[in-house]
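In what follows, a single structure is set out as C-alpha cells and then discussed.
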Amino acid sequence: MNAIEVRELTRVFRRGKVRAVDAVSFEVPQGTVLGIIGANGAGKSTLFRLLTGHIRATSGTAVVLGHPVSQSDPSRWVRTGYVSQSRYLPGGMTGAECLQFARALRRGWDDQKVVQLVERLAFPQHVRIRELSRGHHVRLQIALALAHNPEVIFLDEPTAGLDPAARRELMGILIDEIGLRGRTVLFASHTMEDMERMADSVAIMDAGRIVSMGPLDSLKKDAGADVKPASLEQVFFQTVERRPE
Amino acid sequence: MIRAILSKEWQEQRSKYIGYWATLNIPFLVIAIAVAISSVARMPFADLSNKNILKHLPLALAEPALLVTVFLLMTGYFAVATCSPENEDRSLFFIFELPVSRIRYTITKLLIGGIFVVAAVWFATLLPPSGGYGMMLASGKVTWAGSSAAFWAVMAAAVRLATWCSLISLGIFACSALVAALIPRWWLAALASIAATIGLFVSTGSFFDFSTDMPEQNNLSVNVSWGSNPGPWVNISRALELKEINSLGHLHWQPLLSAVAFSALLMAAIAWIYQRKELDR
C-alpha cells in the first residue's frame, strides 16, 4: 500500500512564468524512505509545501495516507510530521513553552517519547526560540515533528547549514528514530552521504520535474551505461547533465 | 484550545496587552496623581449634596471622548501589534501544522483580542467615575446617603458610553487586524491601520456620533488653569442637571448593531484569508 501518491502535481508562480513543480508523479510505499535530491531551485521545497498543504496545487493531486491534501483539512497533521528547511517556530516562546503549546493541541502526543527526544536532542529548553542556533532550532523542530509518532514524516533538508559533526550526529538520531519504527519518510537533502545512509529509493529533481527515480542500486546501475558510477553524487550529475534542455 | 491560545498570547504578547490596558487608563492615573499630590488640584467639595457630585463627577466622563478619538489609533495599533508578528515571522504555519482548523484558531485568537479590547474600554470608561467618586467619599466631604443618586446617574451614563466606545473600538480592532492579515510587514500594517482608522472616523463618524441627544449646554463652562494662581485647577460654572446626564450616550441600536456586524464580517474575512494563506518562502 502506498502512503503517498502524487499525480501530475503542478505549481506555477508569477502567473505561469515559473513552474516550480511541473507535473510530478510518484508513489511512496508505506514504511519506505524516498530521498529527493536536486540543485537549489529544483522545486524540492515547493514539493514539500504542496504535500504538507502549506501551498495549493495549480493542478494535479496529492494523497497522503488515503486522504487528499487540502489546506482546510487539519486532520492530516494527526498522522504526519514535518521538519521544514525554513525557520518559523514562534520566536517569542521558549522551547519548553512551544512543546507545551503543541502538546495542548495535538492528539496522540507521547509524553514519554518527548522526554526521550528532548534528552537525546539536547537543545536548550528555556531559551527563546529566536535566540536558538540553527542546529538547536532543527532539533526542536524534530522533537515537535516526532512527538506524536507520525506515520509519515516530511524532512526538508533538516541538516542544511549544520557543521559536519552536528550533521552526522543529527542524522544518527533521525535514522534511529525513523528506521526503527518503519515509518514512511520523504527526505530532501543536498548531502549525498545522508541520502545513501537513509533512503531506500531516490528521486532526482531538476527544474520542477522528477527526471529520474528508483531504488538506489538500480539508479547507479542505470546511470552507468558508459561509466561505472561509484556514488550517488555521480549519478546525480550524470542524470542532470544528460537531460535535454 | 482557548486555554492553549490564551497561554500562548500571554507568553508572547503580554507586554502589548498590559501596555494597551495601561495606556487607556493614563488620563485617570494622571488626574488621580495630580489630585493626590496637589492641594490646588482638588475639587472644592463644599457640601454633601447630589448637586456637588453632579457638578464635578461628570468630568470623569471625558474619557470616552478620548477613547473614540486618539485612543482609537491605539486600539488599531494594538490589533496590528498582536496579529502582525505571527504573520511576518510566519509562525502561523507552526500552528497550522497542528491538527487544528485554521478558521477555528483565527476566530479564537481574534475573539480573545476583541474581548480584551471591549473589557479594557469598559474598564477605562468606568474607572474614572467610580474611582473619582471613591476619592470624593474618601475625602470625607461627601456621603453615600447624600450623593448616591447622582453617582448612579453618572455611572449609568458611563455604562452607556462604555457600550458605544467598546463597540466602536471593536470595529477598529477588527479593521486593523484585517489590515495586519493582508500586509505582512508590521510597520506598513501599522501605517495602513492609522490611515484606515482616520478614514473610518471621517466617513462614519456622524453615524456613530453618540453626543447628538445631549441638550444645549446652556451657561455651562469648564475652565482649566494650573500654575501659580491659588484657585482650584478646574472651575465648573454650574452643576449638570440629571436630565442632561441621562441624555448622555443614549443607546441607538442601529449604529451599535452595525458596529457588531461590521466587526463580525471583518473577522470572518480574516479567517477566510488565513484559511487560504500560503507559506511562500
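Quick note: numbers below take in every heavy atom, side chains included, and nothing from hydrogens, waters or symmetry partners.
The two residues B:A4 and A:A104 have their closest heavy-atom pair at CB-CB, 3.7 Å. When all heavy atoms are compared, the tightest approach of A:P74 to B:V100 is CB-O, 3.3 Å. B:L98 and A:F101 make their closest contact through CD1-CE2, 3.9 Å (heavy atoms, listed as atom of the first residue, atom of the second, distance). Of all non-hydrogen atoms in B:R90 and A:R87, the two that sit nearest each other are NH2-O, 3.6 Å. A:R106 and B:P99 make their closest contact through NH1-CD, 3.7 Å (heavy atoms, listed as atom of the first residue, atom of the second, distance).
Both the backbone and the side chain of B:S101 come within less than 4.5 Å of a heavy atom of chain A. Of the two parts of B:Q275, the backbone and the side chain both hold a non-hydrogen atom closer than 4.5 Å to a non-hydrogen atom of chain A. In this structure, chain A has heavy atoms under 4.5 Å from both the backbone and the side chain of B:R276.
Between the A:R49 side chain and the B:L279 main chain, a donor and an acceptor come within less than 3.5 Å of each other. Under the 3.5 Å distance criterion, the side-chain polar atoms of B:Q11 are left unmatched by any main-chain donor or acceptor of A:E97.
Note on A:R11 versus B:E278: salt bridge recorded, some NZ/NE/NH1/NH2 to OD/OE distance being below 4.0 Å.
When the shell of 6.0 Å around CZ of A:R107 is examined, it contains 12 or fewer heavy atoms from other residues, nucleotides or ligands.
The aromatic rings of A:H54 and B:F93 sit perpendicular, their planes meeting at an angle over 60°, well past the 30° parallel limit.
Inspection of the B:E97 and A:Y88 side chains reveals an N or O donor paired with an N or O acceptor under 3.5 Å.
A:L105 CG to B:R3 CZ: the interatomic distance, rounded to the nearest 0.5 Å, is 12.0 Å. The CZ atom of B:F94 sits 10.5 Å away from atom CD of A:Q141, with the distance rounded to the nearest 0.5 Å.
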